[in-house]
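Read through the structure below, which is laid out as structure tokens, and then see the notes.
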Amino acid sequence: MEYNFRDIEQKWQQNWIENKVYKVANVSPKPKYYVLDMFPYPSGAGLHVGHPLGYIASDIYARFKRLKGFNVLHPMGYDAFGLPAEQYAIEHGIHPAVSTENNINNFRKQLDKIGFCYDWDREVKTCDPKYYKWTQWIFLQLFNAYFNRKTQKAESITQLIKTFEKEGNINHEIPNTGFQLPVTGNWKPETGNTFTADEWKTFDAFTQQSILMEYRLAYCGYGEVNWCEALGTVLANDEVVNGVSERGGHPVVKKKLRQWYLRITEYADRLLQGLQTVDFSDAMKEMQTNWIGKSTGAEIEFKIVLGEEHEVTEEKKGPIIHTSVSIAVTYAEETLKVYTTRPDTIFGVDFMVVAPEHDLIDHITTAEQKQTVDEYIAYVKSRSDRERQAEKKITGAFTGAYAVNPFNGKQIPIWISEYVLAGYGTGAIMAVPCGDERDFKFAKHFNIPITNIIGKHFNGEEANATKEVPLENSDFLNGIIMKDAIEIVVNKLVEMGIGKKKVNYKMRDAAFSRQRYWGEPFPIVWKDGVAYPVPEDKLPLELPEVKTYSPGPEGEGPLANIPDWIYQFQDADFIPPSGGKGALETNTMPGYAGSSWYFLRYMDNENENEFAGKQATDYWNQVDVYIGGTEHAVGHLLYSRMWTKALYDLGYISFDEPFKKLVNQGMIQGSSRFVYRLGNISYQIKCDKEAAFEYYNKNILIENEWQIIEKELLFQFTSFLSRIIPNIFLSKRHATNLDATAKSGLFIDQLNIITKNELEKNPNNFILSSKVEFDIINSLTINPLRVDVNIVDGFELDKEAFKKWRNGEFKDAILLGEALFNEAYICGDEIEKMSKSKFNTVDPSDLVEKYGADTFRMYEMFLGPVEQSKPWDTKGIEGVHRFLKKLWRLFYKEGSSAPSPSERAGGEAVWNQEKATDAELKILHKAIKKIEEDTERFSYNTAVSAFMVCVNELADAKCNKREVLEPLLIMLAPYAPHISEELWHALGNSNSILDAAYPTFNAQYLVESAKEYPVSINGKLRTNINIALDASQEQVEQIVLANDVVKKWVEDKPVKKFIFVKNKMINVVV
RNA sequence: GCCCGGAUGGCGGAAUUGGUAGACGCAGCAGACUCAAAAUCUGCCGUUCGCAAGGAUGUGCAGGUUCGAUUCCUGUUCCGGGCACCA
């Protein structure tokens, strides 16, 4: 009987649904285990073979843990809000809810075919009001909380108000240095941003609320966005290409808009500490650590001298530059604040650089420099942060102002440059060219003199960032090792009152609002310019139906266009003290809002009273294994960690790290295929004179693309042919060696045949009817086009399919194959991202249809390590399919004429109840050891190969014994659940294999008494010798040195060293 | 530019702690079965010299440590992911 995967898979999938075998209860005597996939975004393009990689890996693990006796939670759902659906709505007029629903259904169909063990009763969708009610609710918890630095945790904002009433904010300074919102109430913070209890009580409501906003974990402030005037909208970074919008190419500038933020920076230290308690890869921890970017340094205030008023003289005595200032100076009102991790280099500061956005620039730029500075700022405005940092070209402008070194009075020019970003530190740096490569290049480029403070350790050719050498040229620091000087300088600065030690984070607070429709509305109502929470009983605050998705008049989200929605509530809670109507917030939340807590909802997804019941979250607790790509390293993973910590602090859950272990799946890359279309050919043709003139008169020949050569009979043209016959394709060999192709007589003959054929098809073709004959080709170009990988077999193009492809766009294509005739056409290839637009996607459903889900699952795992990126190649799938057929034949005889699957008769079965021999049990237990270990550590590719080895060995041994086969099936069940279930029942079991017990490894079957030792002479392998495992070092030496091969290589040279590693190898050094 | 990862036969990969490089599979070659094909089975299969036995060489590149390096160290090239509004 044949292995009929279609019937088997259909039968069991149906059976599993009917019997609800994947339903998981929140109560169980078994230990719990939580296996989670990263939340998928249901894109319109559907699944390609890259997506299920992680899902299969987690599915195998979930099934494996179930066999090991755990109550396993393994849910799936959709991160369903997002930009693409809204963009699709704008372009096609289909409501995002509708297209999202379609996409989800399509996704589900594809997923179901692969046979996953998800408990679909726990499905969640972020765009479902029943779900986002709780996203909004959590937002309100964050809004109503602040981070108490004393206790290092989130606490209630009402608690903070009580504290203010009692003692002011003396013990709770405002977290950020500058106010996010301008305070225009009755308090003008001047020194230190502190106020007393009495002052607090005198503040009006607006002032109080503005101050509280500076503390809230979810707060409102101002931030820069990519603003596209022409489209009237805010654009995502990847919608901006080279400073213009991807759609339409309109200019994009930075614009400040009111935004919501999450105060994740307050959690920076706890996010760092938490990394020590979780099982993430070192690379992942490093990425998060770098992203948080904690550094310790100093903030230093420099007095500023305006440019006109200084006069500096420099005198060089030996290697030292003496600087003296001869004119009395007047200082600017403001000081320049810089953040530096290297205060020890203060005497090496040769210039300052401030970010082009810095407020100071307006005040300090001198009249002469104003135009230069303005022009430079205009240039920077059009550039993204990434471009600004990636730029190799050095740009900048001098403000004309100078800062003063507080220790020696040296005047330091203040520059602006795009490589300093406003958001990091104070938005200004002190540049030390001898110690920092970027500063060094800047100084060289603008001819700024460089002060050397590290003597011979600076060679003048490149900066040296050392901290380990003694300082020179540094006044009171001379001779002190740099890293020791750091503290000395900081102390001195503190003493002088112009600096302080400062911990800085690269991480910024997370922008939490989008000017879009398709996201969660904020449960916030604005009354007299103050944001108030919408009462919980109004949740969920649902999205309204809209007709258009265009932004509001000031760049707000589309909701701003719907007064009915904005003013929908009439209750007292929504009426401002000044009267009128309170307006709902019109921004919506970003994609990561819903995905920051979804793993909690799975635990108790139908709860209507809470985001998840405490009992459920206590039982399921942390996600034990979380599988997904590294692309989420610093976004989703940090935000969800922060939300978890906040919910923990506020007492809603009892764990403060969401994911105990993280497994990063690699990306499956696409292998794109190319065809090469002939482009311009510069060639000579023989053509009669009359025709040539007629072409010319009728403008068929374009000016400049032809010339007369050799009297008037030979003409040289370009691009002439491609206008008549556009679709001529060259096979890879010829397309990648154009010079040879151009010289090929065969190729020229072919072109002449093509034109002749064309003429036969169209006898009236005026152009061709003249005598046109190719003679010499001077040069040619080709245009590579991607072609759908699904119409290419390996590298050979299916020519008929190609002609039908894209509604017959290439139906007239002339494909010149490898020998320049009408034979095999070979495509070029390139490994790149798998994407619909590159025509290199492969649909898993097609493969499941052809080989079955079990084969597909195992093949995806067999491709390589889960963590590694690798290109997809469908070819190898046959091997895995053969393996399953071979397994099948251990149970059933292969029939020449297969009976129908329903006739699964015992007569064809070859499996038996005989007692297994030791040799057979050795095969089995070797497999148990390897497969169990490999599965546990996610090394699925080697586990699959161990299955293959085991089945090969059993087949060779002609072992069809149930005693061996049954445990093998149980091990296989996580990988290939359908065939395992089928054969499990064939062996006479009536329960499901899902609940079988995993076989136990017994080491006694693997005990060996001797080993074939590899023997090397001087590190080179020369022979193998079989030696008993319990042999002593002396015995081994004796045996080895007596061996003929060893003797031959040792000759008579004395043995210097004899290395014997038990159970490993032997090396003789002579 | 910055941060993280990767590179091993024609291809995907294996080698778990520094100890036989190339397991397993694909592709290829030769053969068996068959009227034939499919399916299946057997053998060969890094490169190179050699009839063979056997030798040399070989894990991106250049060095280093070691009795021994795909594995550790230094430098370097190329490729992939991320860089804060794609998800």
Side-chain angles (χ1 to χ4, degrees), chain A residues 2 38-43 79 81-84 87 223 225-226 234-240 259 281-284 286-287 289-291 293 385-392 419 423 438 506-511 513-516 590-592 595 629-636 638 664 666-667 669 794 831-833 859 862-865 867-873 875-880 882-883 885-886 889 894 896 933-934 937 939 941-942 944-949 952 955 1012-1021 1023-1024 1056-1059 1061 1063-1070:
Chain A
E2 304 284 339
M38 279 189 193
F39 221 15
Y41 176 78
S43 95
D79 186 13
F81 276 130
L83 201 53
Q87 194 52 41
V225 294
N226 298 314
V234 175
L235 296 176
N237 279 338
D238 64 340
E239 294 178 301
V240 184
Q259 301 286 343
S281 69
D282 288 344
M284 174 62 62
E286 211 169 322
M287 275 190 268
T289 304
N290 290 338
W291 180 264
D385 280 7
R386 184 142 5 132
E387 285 171 331
R388 285 171 56 172
Q389 288 179 90
E391 188 58 79
K392 285 183 184 170
Y419 77 86
R438 190 130 63 154
K506 200 147 67 190
M507 180 168 67
R508 307 197 287 267
D509 279 345
S513 47
R514 302 289 182 260
Q515 290 69 49
R516 297 284 175 184
Y592 66 85
S595 63
T630 42
E631 66 272 23
H632 299 288
V634 289
H636 161 65
L638 276 178
N664 289 117
M667 209 172 248
Q669 291 142 334
I831 303 293
E832 47 191 2
K833 202 168 168 165
Y859 182 57
F862 188 58
L863 271 181
E867 307 85 16
Q868 221 172 78
S869 292
K870 54 244 159 188
W872 178 262
D873 177 16
K875 279 240 147 148
I877 199 168
E878 295 277 356
V880 175
R882 268 174 222 154
F883 154 74
K885 285 199 279 190
K886 195 163 179 177
R889 288 197 302 272
E894 201 181 3
S896 46
E933 283 175 8
D934 285 356
R937 67 186 175 101
S939 180
N941 57 328
T942 53
V944 173
S945 113
F947 279 118
M948 290 172 169
V949 170
N952 286 345
E1012 199 60 18
Y1013 278 96
V1015 179
S1016 302
I1017 316 296
N1018 284 343
K1020 278 195 194 300
L1021 179 73
T1023 186
N1024 288 298
K1056 264 200 224 154
K1057 210 168 180 183
F1058 190 92
I1059 294 149
V1061 183
N1063 211 4
K1064 289 280 183 199
M1065 46 65 68
I1066 292 157
N1067 188 14
V1068 184
V1069 186
V1070 296

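Any value given below was found using the heavy atoms of this structure, including those in side chains, with hydrogens, waters and symmetry copies removed. Lettering follows sequence order; numbering is per chain, from 1.
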| task | Can you measure from CD (A:Gln669) to CG (A:Asp873) and round to the nearest 0.5 angstrom? | result | 13.0 Å
| query | Using atom P of each nucleotide, how far apart are B:G80 and B:U70 to the nearest Å? | reply | 27 Å
| Per-nucleotide protein contact string for nucleotides 69-83 of chain B, where B marks a base within reach and S marks sugar-phosphate only (heavy atoms under 4.0 Å, - for neither) | -----------SSSB
| What string of B, S and - do you get for nucleotides 19-24 of chain B, 5' to 3', if B is base contact, S is sugar-phosphate-only contact and - is no contact with any protein heavy atom under 4.0 Å? | BB--BB
| query | Can you name the nearest heavy-atom pair linking A:Lys870 to A:Gly864, along with the distance? | reply | NZ-O, 3.6 Å
| field | Nucleotide B:C3, atom P - distance to CD of A:Glu286 in whole Å | value | 10 Å
| task | Under 4.0 Å between any heavy atoms, over every strand shown, what does A:Ala633 touch: base, sugar-phosphate, or nothing? Just pick one. | result | nothing
| request: Report which part of the nucleic acid A:Pro865 touches: base, sugar-phosphate, or nothing (heavy-atom distance under 4.0 Å, all strands). | output: sugar-phosphate
| request: Go ahead and name the base partner of B:C2; Watson-Crick or wobble counts if both distances stay under 3.5 Å, otherwise write none. | output: B:G82
| Whole Å only: how far is the CG atom of A:Leu235 from the P atom of B:A84? | 15 Å
| task | Look at the side-chain N and O atoms of A:Lys870 and state whether any lies under 4.0 Å from the OP1 or OP2 oxygen of B:G12. | result | no
| RNA chain B: 5'-proximal contact among A:Arg516 and A:Glu878 (nearest heavy atom) | A:Glu878
| task | With the side chain of A:Arg889 defined as its heavy atoms from C-beta on, choose the nearest nucleotide among B:A84, B:G12, B:C41. | result | B:C41
| field | Gap between atoms CG and P, on A:Asp238 and B:A87 respectively (whole Å) | value | 8 Å
| request: Would you mind pulling out the nucleotide paired to B:U17, Watson-Crick or G-U wobble, both distances under 3.5 Å? | output: none
| said: Could you tell me how far B:A30 sits from B:C78 if I compare only their P atoms? Round to whole Å. | reply: 42 Å
| task | Please work out if A:Ser281 contacts a base, only the sugar-phosphate, or nothing of the nucleic acid, heavy-atom cut-off 4.0 Å. | result | nothing
| message | Within the structure provided, determine whether A:Lys886 and A:Asn952 are in side-chain contact (heavy-atom separation under 4.5 Å). | response | yes
| task | Taking atom P in both B:G43 and B:G25, compute the distance separating them and give it to the nearest angstrom. | result | 12 Å
| Residue mapping more 5' on RNA chain B - nearest nucleotide basis, A:Asn290 or A:Gly864 | A:Asn290
| said: At 4.0 Å (heavy atoms only), tell me whether A:Gly591 reaches a base, stays on the sugar-phosphate, or touches nothing. | reply: nothing
| field | Reported CD-to-CG distance for the pair A:Gln868 and A:Leu863, which is rounded to 0.5 angstrom | value | 11.0 Å
| task | Round to a whole Å and report the spacing from CE of A:Met507 to C1' of B:C2. | result | 18 Å
| message | Less than 4.0 angstrom from a charged side-chain N to a carboxylate O is my criterion; do A:Glu631 and A:Lys833 meet it? | response | no
| side-chain contact (heavy atoms from CB on, under 4.5 Å) assessment of A:Val225 paired with A:Gln259 | CA-CA 9 Å; A:Val225 294; A:Gln259 301 286 343; 3.1 Å; yes
| If you measure from the P atom in B:A21 to the same atom in B:U74, how many Å do you get, rounded? | 26 Å
| Euclidean distance, atom CZ of residue A:Arg388 to atom P of B:A84 [Å, nearest integer] | 12 Å
| field | Presence of A:Arg508 side-chain N/O under 4.0 Å of B:A84 phosphate oxygens OP1/OP2 | value | no
| Check: A:Glu239 side chain, B:C85 base, donor-acceptor under 3.5 Å | no
| remark: The nucleotide from B:U16, B:C85, B:C4 with an atom nearest the side chain of A:Val225 is B:C85
| request: Any strand is fair game: report the nucleotide pairing with B:U70 by Watson-Crick or G-U wobble, both distances under 3.5 Å, or none. | output: none
| Integer-rounded Å distance: B:C86 P and A:Tyr592 OH | 11 Å
| Taking atom P in both B:C41 and B:G22, what distance in whole Å separates the two? | 24 Å
| query | Between A:Lys1056 (NZ) and B:G68 (P), how many Å, whole number? | reply | 10 Å
| Proximal nucleotide (of B:C4, B:C67, B:U16) relative to the A:Ala283 side chain | B:C4
| Evaluation steps, side-chain contact (heavy atoms from CB on, under 4.5 Å), between A:Thr630 and A:Met667 | CA-CA 9 Å; A:Thr630 42; A:Met667 209 172 248; over 6 Å; no
| message | I'd like to know if the side chain of A:Lys1057 and the backbone of A:Asn1067 have a donor-acceptor N/O pair within less than 3.5 Å. | response | no
| query | When the C1' atoms of B:A23 and B:C45 are considered, how many whole Å apart are they? | reply | 15 Å
| message | So for atom CG, which belongs to A:Asp282, do other residues, nucleotides or ligands contribute more than 12 heavy atoms lying within a distance under 6.0 Å? | response | no
| Is the phosphate of B:A39, meaning OP1 or OP2, less than 4.0 Å from a side-chain N or O of A:Arg882? | no
| query | Which pair of heavy atoms, one from A:Tyr592 and one from A:Ala511, lies closest together, and at what distance? | reply | OH-O, 2.8 Å
| said: For a quick check of understanding: with a heavy-atom distance under 4.0 Å over all strands, which category does A:Val1015 fall into, base, sugar-phosphate or nothing? | reply: nothing
| query | Hey, does the side chain of A:Lys1020 come within less than 4.0 Å of B:U57's phosphate (OP1/OP2), counting only N and O? | reply | yes
| field | Complementary nucleotide for B:C61 - Watson-Crick or wobble, under 3.5 Å | value | B:G75
| request: Could you tell me how the ring of A:Phe947 sits relative to the ring of A:Phe883: parallel (under 30°), tilted (30 to 60°) or perpendicular (over 60°)? | output: tilted
| message | Does A:Gln259 reach a base, just sugar-phosphate, or nothing at all? Heavy atoms under 4.0 Å. | response | base
| field | B:G81 and B:U71, which share atom name P, separated by this distance in whole Å | value | 26 Å
| task | Specify the glycosidic conformation (syn or anti) of B:G54, with syn defined as within 90° of 0. | result | anti
| How long is the span from the NE2 atom in A:His636 to the CZ atom in A:Phe39, to the nearest 0.5 Å? | 9.0 Å
| query | In whole angstrom, what separates A:Leu83's CG from B:C86's P? | reply | 7 Å
| Does some side-chain heavy atom of A:Glu239 sit less than 4.5 Å from a side-chain heavy atom of A:Leu83? | yes
| task | Using the C1' atom on both, measure B:G19 against B:A52 and round to a whole Å. | result | 31 Å
